[in-house]
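Here is the structure we will look at.
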Amino acid sequence: MRRKSKDELKVALKVLGIRMSDQKPASNPPASKEGREGREGKESRYKDTLNLPKTSFAMKANLIQAEPQSMKRWDESHLFGRLQVARETAEPFVFHDGPPYANGPIHMGHMLNKVLKDFVVRGALMEGRRVRFVPGWDTHGLPIEHKVMTELHEKGKTAKLDTLTAEQRHMAIRRECAAAATKFIGLQAEQMKRLLTLADYADPYYTLMPNYEAKTLEVFADLVEQGVVVRALKPVHWSIANKTALAEAELEYEDREDLSVYVDFEAADRAKVAAAFGLLAEAPTTSDTSTDGSGVGVESEDVDDSRFLDVTPSFMIWTTTPWTLPANLAIAVHEKYRYALVEIDGNTTILASDLVAAVAKKAGAEKVVVRAETDGAKLVGLAYRHPFCPREGRVVSADYVTLEDGTGLVHTAPGHGADDYRTGLKEGLPAYCPVREDGTYDDTVPEWLRGKSIWTANAEVADRLRASGHLFYDHKFMHSYPHDWRSKTPVIFRATEQWFVGVDVPVKRDGKTLRQRALEAITNEVGFTPEWGRNRLRGMLESRPDWCISRQRSWGLPIPAFRMADGKTFLTPASVRAVAKRFAEKGSDAWFQESPADLLSHYDAKSDAAAPAGFDVATLVKLHDIFDVWFEAGSSWNSVLRARNIGYPSEMYLEGSDQHRGWFQLSLLPALGATGVAPFKRLVTHGFIVDKDGRKMSKSIGNTIDVEALLKEFGADVCRWWVAGTDYENDIRADSEFFKVSGESYRKVRNTIRYLLSNLDGFDASERDSILEGISHTSLESWMLAQVASTQELVRDAVRRCAFREAQQAIYHLCNETLSAIYCAATKDRLYCDARSSSRRRAAQAAMHLACDALCRMLAVFLPHTADEAFRALSGDNACVHTERYHTLVFTADPRWSEVLALRELVKGELEKAKARGVENPLDAGVMLPTSHHHLEDFVADLPDLFGVSRVVMAKDQSSIEVVDLRGEPRCERSWKRDGTVRQRSDGGTLSDRDAEALGIA
RNA sequence: GCGCUAGUAGCUCAGCUGGCUAGAGCACACCCCUGAUAAGGGUGAGGUCGAAGGUUCGAGUCCUUUCUGGCGCACCA
């Protein structure tokens, strides 16, 4: 039977709830044991003579109760306002808030965004800059309007709306929308404040404010003046029943049976089609074929008939909306697909190779012969004749062509479809739309269709095609089709006149287009964090179409355009500015309440060079388009930064990476058009919050995290600490477990601060700097303060770069390693046991005071509450860290300190090994340093404390570090050290010289 | 489908222009301390760098393919 190992014994004891230290084997050297027992017996004999830590700064943060108190204190002392006054002459830091949409409580994304922005704001403030950060909200737009309409619908109030005039109706909806937006702004503002963000909450911006609206119109006026605002056709979802455009959100998809037709479009040039398929258009004569260019003769008898294309083939398309055929202008193919020239029951036509069988089967064809095949790319450019309109169309390329349905050749009517429209733009085709707003054809179609409803046209078109031999096959087809959510009637795509900002129109200022200028700006003038944002934005700018800025809705800023008696549109830079002035006075509701004359009361046609001849305000009729909300948000640089004299451009815009497409791009374009200068110097983006498995958060999956609940459980400072630690450039995984981890990390920092504060009890801060002037470069203080100084530099630089994680890690390392593990551990003995006013002790206190002060300033950016709480504990209840700025710290330490620290690591290793010999408590150990370390003689006085041992000796002829067992020597009952001076004193106690002196006994 | 982007220890992340046995912190394990105590200190274990090919004397790092996420491509903001 073997003896139980110590570990096994331990485990057994642990199970029994007994601590090993109470059960030390008798074989252990007695000194340690006696010491321990002595301590336990006379625990308090000298305890009261020590300078033990003492502070009112609690270990438990209690953030949930304490943070609101800080908020109240800052609020009542008008912190934001005071900072504006105090920094009036300081260098401004122009920063601008992108407006979140006011349609619900805040979510994790808002928290991330707002907290990151607050780091920027507070970082700049700590640098001593003047920062006027104005929070804003986007208030107009469809989501609010849709929500309001849905509620009205549910309450049965929409019927009443329908009895009103158009303008009354707009106003009724607008009132409801304004109320809803205002409600959510109030809710969100409170939640954002609860995140301890510092901003001008007393004077925020809303896009619905009259002044904001007026400044947005001024941007529009500038763009009109620069010549980039154009009017053009674009297809939109259209409700025939309500004669109105609809948004995607207003559509309901329902099954509907339609007539689907396969139509043959006759090729216009047989020879070119033949060439595309590698066939000959004419049956060659002998002489023709004897020389074909290659010099090889071809015998006419050998020529296969199949090489001749002797009939004119057709292109076969498939559509479920025969009524759009009159608007057909093109046929789209995919360049990479294979297409077949095929004879189906005597009919020679072209369709995708992969679909020949399916189409033939569907139509019940009996004889199918594939004559030749070619790539889609070869077909592009071929012309065809429209089956019943007197014109030709072209085959074009489009990558959305699929082989799932139809024929692989897509009927394209740019006036009746989104894809078709884009293709039309690319190919230079007009958005031709012969359908009027009531769903009937206009006079541009063949006579037999004019004035007819498109729904009755479906069958007539099919009949006509059948009669003329163009209908290959038709059948009833059940499919999902969009319907108007209110009237439940089917919706159509219909091209309507819209306002655009043209991105390829030369701007008057410098003759460059907005696209060119935008690409220049992001290439040369704007910084990106992360850097790949530049490429991403470039790709978007290169491919983006003209910006459609008009919407046919109620809830938004009206586009101040009128129709004149001659049917032309009236809108000039001066007229827009005049309406802007009116809106500034009355708000944009005026558009629905006032006459054109009133709206243009600030307009004088005589002084407007752009005014049309024969202008008569009395004949004007208001148009009712509103702006795309992005135009409003994209004008915030003017409506906020310039209107409030904050400065232009902004140092940075900081938003989620989705805003490359959104706010960034749609601020850049109007700003470049209106001013020629980008509204931001730098774009910083963050990723999206996903769950712990990397999946996006969604209510339907149920993996969302509620911000309110998070704040209630952890408090804002812990949430902010989590944000500070995220790698925000990419997706950010979040889980409530992660906040627990952040809470642990926070506590570590808090405890370090608490310990610093607790050793400053009774310290006179006014003596600090003179004490620190006298410290030596080899002192622990010099080293620690140099670490504080370099950390502060690192933190400041990292915050400037928005590398918050780096800053957080540096702060954490300072607390955990430099302070807690090394400096505080090393100075514990002198702080506790030295005479209260010993110079060694006071030097440590001075250094700790400065470290604590610097730590508060660094943490002010991340932990506004905790930093201020600590700062007040350090500097008095009237102090506020948020009105402070960084101090310049210049501390240098002896360059040999890196060696000292490396030596410390070695010694720690040796001490660990010595545990096997029974020297478990470092205070039972002495250390003999080899001759290789004798050049560190200057540090020897501090080395025992730095190593946590009782004694360090520079030993002669020593070749390696040696740990000496001091358990045989007496230990000081007060300091628990065995330093060689320990002996019996006059009070009967066993003390070292230092401790006896501290007690004033011999 | 297209564009951009990420995938390194259980978790969160470093690893620059290719080059010593791939680093931190947290968590974990073990130990010390019990005069920072619902604290503090020390030591340690842990990774086929998403997968498969390739270039190279040498690849987490470059190339190709592929898998799995995220964002963007609409009158959603």
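Residue numbering restarts at 1 for every chain, and letters A, B, ... go by the order of the sequence lines. It should be emphasised that the depicted structure is a prediction, and the values quoted were computed from it without experimental measurement.
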Closest listed nucleotide, where the reference is the side chain of [X] and the choices are [options]:
{"X": "A:K696", "options": "B:U12, B:C71, B:C32", "answer": "B:C71"}
{"X": "A:P143", "options": "B:U5, B:G25, B:C76", "answer": "B:C76"}
{"X": "A:K748", "options": "B:C32, B:C26, B:G40", "answer": "B:G40"}
{"X": "A:R805", "options": "B:G70, B:U43, B:U12", "answer": "B:U12"}
{"X": "A:E912", "options": "B:C33, B:A38, B:U43", "answer": "B:U43"}
{"X": "A:M59", "options": "B:C26, B:A38, B:U5", "answer": "B:A38"}
{"X": "A:D727", "options": "B:C75, B:A14, B:C31", "answer": "B:A14"}
{"X": "A:N730", "options": "B:C4, B:C75, B:A6", "answer": "B:A6"}
{"X": "A:K47", "options": "B:G35, B:G40, B:C71", "answer": "B:G35"}
{"X": "A:C833", "options": "B:G35, B:U12, B:G42", "answer": "B:G35"}

Sugar-phosphate only, base, or nothing, as touched by A:R422 at under 4.0 Å among non-hydrogen atoms: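 Sugar-phosphate, no base atom in range.
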
Sugar-phosphate only, base, or nothing, as touched by A:A821 at under 4.0 Å among non-hydrogen atoms: sugar-phosphate

May I have the distance from [X] (atom [atom1]) to [N] (atom [atom2]), rounded to whole angstrom?
{"X": "A:N816", "N": "B:A24", "atom1": "CG", "atom2": "C1'", "answer": "12 Å"}
{"X": "A:R544", "N": "B:G3", "atom1": "CZ", "atom2": "P", "answer": "20 Å"}
{"X": "A:D658", "N": "B:G70", "atom1": "CG", "atom2": "P", "answer": "15 Å"}
{"X": "A:L52", "N": "B:U37", "atom1": "CG", "atom2": "P", "answer": "10 Å"}
{"X": "A:E531", "N": "B:U17", "atom1": "CD", "atom2": "P", "answer": "13 Å"}

Ring-on-base stacking B:G40 with A:Y755 (under 5.5 Å, under 30°):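 No; by the centre-distance and plane-angle rule, A:Y755 does not count as stacking on B:G40.
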
Test side-chain contact (heavy atoms from CB on, under 4.5 Å) applied to A:R754 and A:V749, A:T55, A:N759, the passing residue: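 When A:V749, A:T55, A:N759 are each tested with A:R754, the side-chain contact (heavy atoms from CB on, under 4.5 Å) holds only for A:T55.
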
Establish whether the base of [N] is bridged to the side chain of [X] by a donor-acceptor pair shorter than 3.5 Å.
{"X": "A:S820", "N": "B:A36", "answer": "yes"}
{"X": "A:D731", "N": "B:G69", "answer": "yes"}
{"X": "A:W630", "N": "B:A77", "answer": "yes"}
{"X": "A:R536", "N": "B:C71", "answer": "yes"}

Ring center gap for A:F184 and A:W137 short of 6.0 angstrom: no

B:G40 phosphate, OP1 or OP2, under 4.0 Å from A:R754 side-chain N/O: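 Answer no for this pair, as no side-chain N or O of A:R754 is under 4.0 Å from OP1 or OP2.
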
Residues A:D829 and A:R994 bridged, charged N to O under 4.0 Å: yes

Heavy-atom check, side chain of A:I626 versus side chain of A:S554, under 4.5 Å: no

A:H140 side chain to A:E632 side chain, donor-acceptor N/O pair below 3.5 angstrom: yes

Under 3.5 Å on both distances, the Watson-Crick or G-U partner of B:A74: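 Partner of B:A74: none found under 3.5 Å.
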
Whether A:F804 and A:Y728 hold their rings parallel, tilted or perpendicular, with breakpoints at 30° and 60°: tilted

